[in-house]
Number of protein chains: 2
Amino acid sequence: MEQAIHPNISVDCVIFGYDFEKLNVLLVERTLLDESSGKVVFSDLTLAGNHVFVNEDLKDAAHRILFDLTGIKDLYLEQLGAFGDPERLSGHNDQLWLNYLGYKPEDRVITVGFYALLNCEQVKIVLKDRTVKWYPLTEIGQLAYDHNRILEAALHDLRIKIRTAHLAFELLPEKFTLSQLQKLMEVVLGKTLDKRNFRKRLLKLKSLVQLDEKQKGVAHKPGYLYAFSKEKYDLYDDQDTFSVIM
Amino acid sequence: MEQAIHPNISVDCVIFGYDFEKLNVLLVERTLLDESSGKVVFSDLTLAGNHVFVNEDLKDAAHRILFDLTGIKDLYLEQLGAFGDPERLSGHNDQLWLNYLGYKPEDRVITVGFYALLNCEQVKIVLKDRTVKWYPLTEIGQLAYDHNRILEAALHDLRIKIRTAHLAFELLPEKFTLSQLQKLMEVVLGKTLDKRNFRKRLLKLKSLVQLDEKQKGVAHKPGYLYAFSKEKYDLYDDQDTFSVIM
DNA sequence: GCAAAAGTGTTTCCGGTACACCCATGG
DNA sequence: CCATGGGTGTACCGGAAACACTTTTGC
């Protein structure tokens with residue numbers, strides 16, 4: 001019975017993936033076929049989500065969903081809060097879909113939103129399922145259920161927290177150049193930053209360590225690689241933040 | 001059936017009340033009496049909370065709980081997130097209490113935390129129930145369930161948000177002096193602030209308007225009263241924040 | 001040798017901070 | 001007339017912002 005699913009509580013994950021160019025979100029295709037004709041009734045996209053197990057912690061459920069979909073453990077996860085509008089599943093397509101899956105469409109389900117951060121190149125997702133794909137953030141249209149609301153909340157939170165915390169490093173590979181870090185900030189915050197000022201500020205951070213290693217295979221002067229040191233971050237604690245990387 | 005309670009989803013509210021001296025939290029006494037002897041089995045404190053109705057929005061549930069307990073509508077409410085540790089109700093006293101109330105103690109309940117802000121003098125709470133009282137934040141010990149965790153999260157969030165948003169005004173009456181506002185900030189942030197610098201910054205805020213009215217009945221030079229203008233705040237939007245009232 | 005990004009210092013300006021005295025009221 | 005908090009201005013300092021040229025690599 002440990003694995004019995006809870007009918008009223010689900011978890012939805014906004015999975016952000018950075019590819020050195022733009023922010024992407026991993027979405028799942030939801031296509032309903034007419035049983036007799038085999039024609040497509042509708043086809044749209046959802047966040048990665050599922051019901052929790054009866055005795056499962058919410059964060060564990062989120063990790064499980066991420067693992068099932070992507071084969072990755074230990075991603076950075078942040079809780080966004082609960083989404084409990086009684087009408088959140090009452091869209092026409094949503095009702096058809098829930099019925100198709102064998103849920104009672106009239107059941108109340110509250111969902112807990114999370115977001116995960118990863119780097120698309122480093123964390124190669126094994127897409128077990130052809131219906132799961134990366135979508136550039138800027139090209140995401142209407143999603144199923146209340147998932148646009150959850151996505152919006154995730155993005156809002158990410159934009160605030162990336163200024164002052166170590167979230168940025170979760171979106172980069174272990175080793176990265178300062179320019180890559182700067183580009184990431186520019187993409188997330190939606191504005192360009194001055195290179196020299198950016199570097200001045202960043203080089204003050206004790207938790208950012210320069211490696212004895214340079215970029216390779218680039219058609220220009222190779223940059224030094226850097227890494228984030230969680231140990232030093234914990235050590236220097238609150239002094240050592242991005243504070244005002246506007 | 002509209003009023004049927006949902007067995008698995010509850011809402012808990014951290015109700016902060018400011019009394020011009022300190023921050024208080026409204027707590028509910030929970031006393032279990034032995035049925036035969038009438039002796040006290042245990043007695044402790046909980047946040048204001050209850051299960052949600054089957055078709056009730058989470059925020060509506062929080063407002064209802066606040067209203068039932070205090071007779072107040074339209075308090076400022078902020079969601080903190082969901083608390084879903086499977087063990088959150090498994091304390092010894094918690095199990096006794098749930099059993100006494102007629103719940104199945106083994107049922108999984110996830111709770112959504114909120115916090116509310118009010119001014120103790122202005123918003124005179126009609127304490128319908130003698131077991132509900134204000135407790136100074138600094139004197140709160142161990143609470144029932146996982147309520148210390150929820151309180152901690154609420155306080156953390158309040159301390160962050162009060163620096164940059166209009167939360168402070170929710171803890172004051174409609175008209176207040178700058179000194180009262182400063183005192184509030186000092187209490188919440190836990191540090192003293194320089195009077196002149198504080199006023200310089202505050203007087204820049206377009207959403208803070210001086211009234212043609214002074215303090216009365218004080219044994220010193222009376223101060224001007226001020227009010228927060230939601231309209232101007234919305235108008236000037238993001239420029240007009242407390243930004244760095246450290 | 002050319003394209004492309006890496007890397008580097010200085011000046012300016014604004015905002016934060018520190019700090020001390022006179023004023024109006026109630027008792 | 002005294003106690004109490006209200007109200008005000010200035011000088012200094014540090015950090016943010018603006019800004020342009022040289023270097024190293026792959027092709």
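Just so it is clear: chains get the letters A, B, ... in the order the sequence lines come, proteins before strands, and each one is counted from 1. Given the structure is predicted, the values throughout are model-derived calculations rather than measurements.
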Any Lys/Arg nitrogen of [X] or [Y] sitting under 4.0 Å from an Asp/Glu carboxylate oxygen of the other?
X	Y	answer
A:Glu186	A:Lys191	no
A:Arg64	A:Asp60	no
B:Lys161	B:Glu78	yes
B:Arg88	B:Asp12	yes

Between [atom2] on [N] and [atom1] on [X], what's the gap in Å once rounded to a whole number?
X	N	atom1	atom2	value
A:Leu193	D:dA18	CG	C1'	14 Å
B:Asn197	C:dA20	CG	C1'	13 Å
B:Lys216	C:dT25	NZ	P	12 Å
B:Leu181	D:dG6	CG	P	12 Å
B:Arg163	C:dG16	CZ	P	14 Å
B:Arg201	D:dT8	CZ	P	17 Å
B:Phe176	D:dG6	CZ	P	14 Å

Hey, what are the protein-to-nucleotides 4-7 of chain C N/O distances that come in under 3.5 Å?
from, atom 1, to, atom 2, distance (Å)
C:dA6, OP1, A:Ser179, OG, 2.3
C:dA6, OP2, A:Ser179, OG, 2.7
C:dA6, O4', A:Lys221, O, 3.4
C:dA6, N7, A:Lys195, NZ, 3.3
C:dG7, OP1, A:Tyr224, N, 2.8
C:dG7, OP2, A:Arg199, NH2, 2.3
C:dG7, O5', A:Arg199, NH2, 3.4
C:dG7, N7, A:Lys195, NZ, 2.7
C:dG7, O6, A:Lys195, NZ, 3.2

Query raised in the report: Does any N or O donor sit under 3.5 Å from an N or O acceptor when you compare the side chain of B:Arg196 with the base of C:dA20?
Result: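 Side chain to base: pair present.
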Query raised in the report: For the side chain of A:Asp194 and the base of D:dA16, is some donor closer than 3.5 Å to an acceptor across the two?
Result: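 No, no donor-acceptor pair under 3.5 Å.
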Query raised in the report: Mapping A:Lys200 and A:Val218 onto DNA chain D by nearest heavy atom, which one lands closer to the 5' end?
Result: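 On the 5' side of the pair lies A:Lys200.
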**Report entry** Result of checking B:Phe20, B:Phe169, B:Phe228 against B:Phe176 for ring-ring contact (aromatic ring centres under 6.0 Å, His included)
**Finding:**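 Single pass found, and it is B:Phe169.
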Query raised in the report: Could A:Arg30 and A:Tyr145 be counted as a cation-pi pair, given that NZ or CZ must be under 6.0 Å from the ring centre and within 45° of the axis?
Result: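 Yes, A:Arg30 sits over the ring of A:Tyr145.
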